[in-house]
Protein chains: 2
Amino acid sequence: MNPGKPAKTSRADDSASRSKQSLRVWIRLLHNTRIIEKNVRSYLANEFGTTLPRFDALAALDRFPEGLTMGALSEHLLVSNGNVTGVIARLQDEGLVLRTASKQDRRAFHVKLTRKGKRAFQEMAKGHEAYVNRMLEAISASDLNKLNTLLTRLEKTVAQERSCS
Amino acid sequence: MNPGKPAKTSRADDSASRSKQSLRVWIRLLHNTRIIEKNVRSYLANEFGTTLPRFDALAALDRFPEGLTMGALSEHLLVSNGNVTGVIARLQDEGLVLRTASKQDRRAFHVKLTRKGKRAFQEMAKGHEAYVNRMLEAISASDLNKLNTLLTRLEKTVAQERSCS
DNA sequence: TCAAATTAGTTGAAGCCTAAAATATTGCCC
DNA sequence: GGGCAATATTTTAGGCTTCAACTAATTTGA
């Protein structure tokens, strides 16, 4: 039926379905992330009495033993400057990080883990990894590898167009 | 070298690397989602002066023309009851939703889109879909399909263990 | 029927988050 | 050196988010 035309799709259909497919992937990505994130937040709250933003901040600081400025920290965490102020203030109250004024630049601060902060993070990180692995237990290693590859690829293309509206 | 043993990995190594791989996938998932989500939030704010939570609520209501109770809405959106109260209050102030007391159950409310709300959502949804597609432009259709498959599979396994700590 | 348990929803306190304005300091350029 | 733009950070106002406590209505079950 309808010879001379593509059987079921025109070029316009293609671009519409492409757009639908992009949307589907984004919705799934968001949904998966929200479910896992919810679980991780509960885990951190129940097991260690802490929050995901604080855990993230500790993780970033753990990767830079020499310390980070507030600004550098906010870039690593993908959050605003003002946000970091609050999170670090609370971590300082808990004695997990140390905020010292920079000698070179009196506007800036260096934030570092305290010894207590290092110890606390090590323990949390171990539990966190085990918990995540338990959640993803049912996924095959092969699927995990594929996901890793595809998400890495996605990250590269998405990370670039940060500014486009 | 070292005959009689597996070349490079023991069983303990396997399980350690599996756990690391799970963690990597989760971190990538989270990172990708945060970057895209940031962009979507900016887009909705700049283009329509609205927020992602409000857009999500409108989207949920659009799928149920007969309306939803506050509780049903909170389940669809994966957020707490109290949260929905605030978001719907703001949407009501904007004239996009209508909240009517239920006849059958005087504790409950039915929330529906107003005509204005329907129109506003249609326009936002169109722009949103195009924007997301533009962001994922550089990903091949084949990768998109693979991602969709894998994320669907992931969603199924993760959605089950909602309660485990 | 009536008291107890459950369910629907709101409120309040606390934390996370952003954008924009304010502060303070630095660096540059004339 | 003095002024001015840029930079590092905090503050503020407003919205999102949760949990726990609360109110009100419904259901259950003796």
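Side-chain atoms are counted along with the backbone in the values below, which use heavy atoms only and exclude waters and symmetry mates. Residue numbers start from 1 in every chain, and the chains themselves are labelled A, B, ... in the order their sequence lines are given, proteins ahead of strands.
Side-chain atoms of B:Q21 and B:R18 form no donor-acceptor pair, as typed in the model, at a separation below 3.5 Å. Judged by distance alone, the side chains of B:R41 and B:T51 never bring a donor and an acceptor atom under 3.5 Å apart.
No side-chain heavy atom of B:L23 sits less than 4.5 Å from a side-chain heavy atom of A:N133. Between A:V132 and A:Y43 the shortest side-chain heavy-atom distance does not fall below 4.5 Å. With a 4.5 Å cut-off on side-chain heavy atoms, A:K112 and A:K118 do not count as touching. Contact check for A:V40 versus A:M135: side-chain heavy atoms found under the 4.5 Å cut-off. Side-chain contact between B:L78 and A:H31 is present, with heavy atoms from C-beta onward closer than 4.5 Å.
Where DNA chain C meets chain A (any atom under 4.0 Å from a heavy atom), the bounding nucleotides read 5' to 3' are C:dG15 to C:dT26. Bracketed by its first and final contacts, the part of DNA chain D lying under 4.0 Å from non-hydrogen atoms of chain B reaches from D:dG15 to D:dT26 in 5' to 3' order.
DNA chain D lies under 4.0 Å from at least one heavy atom of each of the following residues of residues 79-102 of chain A: A:N81, A:G82, A:T85, A:R99. In the region residues 50-74 of chain A, proximity to DNA chain D at under 4.0 angstrom, judged on heavy atoms, holds for A:T69, A:M70, A:G71.
Every pair passing salt bridge (charged side-chain N to carboxylate O under 4.0 Å, His left out) that includes a residue from residues 119-133 of chain B is listed here, sequence neighbours excluded: A:K20-B:E129. The salt bridge (charged side-chain N to carboxylate O under 4.0 Å, His left out) analysis of residues 57-81 of chain A, with sequence neighbours excluded, yields no pairs.
A residue-by-residue look at B:D105 and A:R107 shows that A:R107 has its nearest nucleotide of DNA chain D further toward the 5' end. Comparing A:R41 and A:R106 along DNA chain C, the residue whose closest nucleotide (by nearest heavy atom) sits nearer the 5' end is A:R41. Comparing A:S42 and A:F109 by the nucleotide of DNA chain D that holds the closest heavy atom to each, the one mapping nearer the 5' end is A:F109.
Every ring-ring contact (aromatic ring centres under 6.0 Å, His included) that A:F55 has, sequence neighbours left out, goes to A:F121, A:H128. Residues that satisfy the salt bridge (charged side-chain N to carboxylate O under 4.0 Å, His left out) test with A:R54, not counting sequence neighbours, are A:E94. Contacts of B:D143 classified as side-chain contact (heavy atoms from CB on, under 4.5 Å), with partners at least two apart in sequence or in another chain: A:L150, A:R153, B:I139, B:S140, B:K146. Under the rule for a salt bridge (charged side-chain N to carboxylate O under 4.0 Å, His left out), the partners of B:R107 that lie at least two apart in sequence or sit in another chain are B:D105. Residues passing the salt bridge (charged side-chain N to carboxylate O under 4.0 Å, His left out) test with B:R90, sequence neighbours excluded: none.
When the C1' atoms of four end pairs are superposed on the next four at each end of the helix from C:dT1-D:dA30 to C:dC30-D:dG1, using five pairs per end, the two resulting axes differ in direction by 0°, to 10°.
With hydrophobic clusters built from ILVMFWY side chains whose heavy atoms lie under 4.5 angstrom apart, B:M70 shares a cluster with B:L77.
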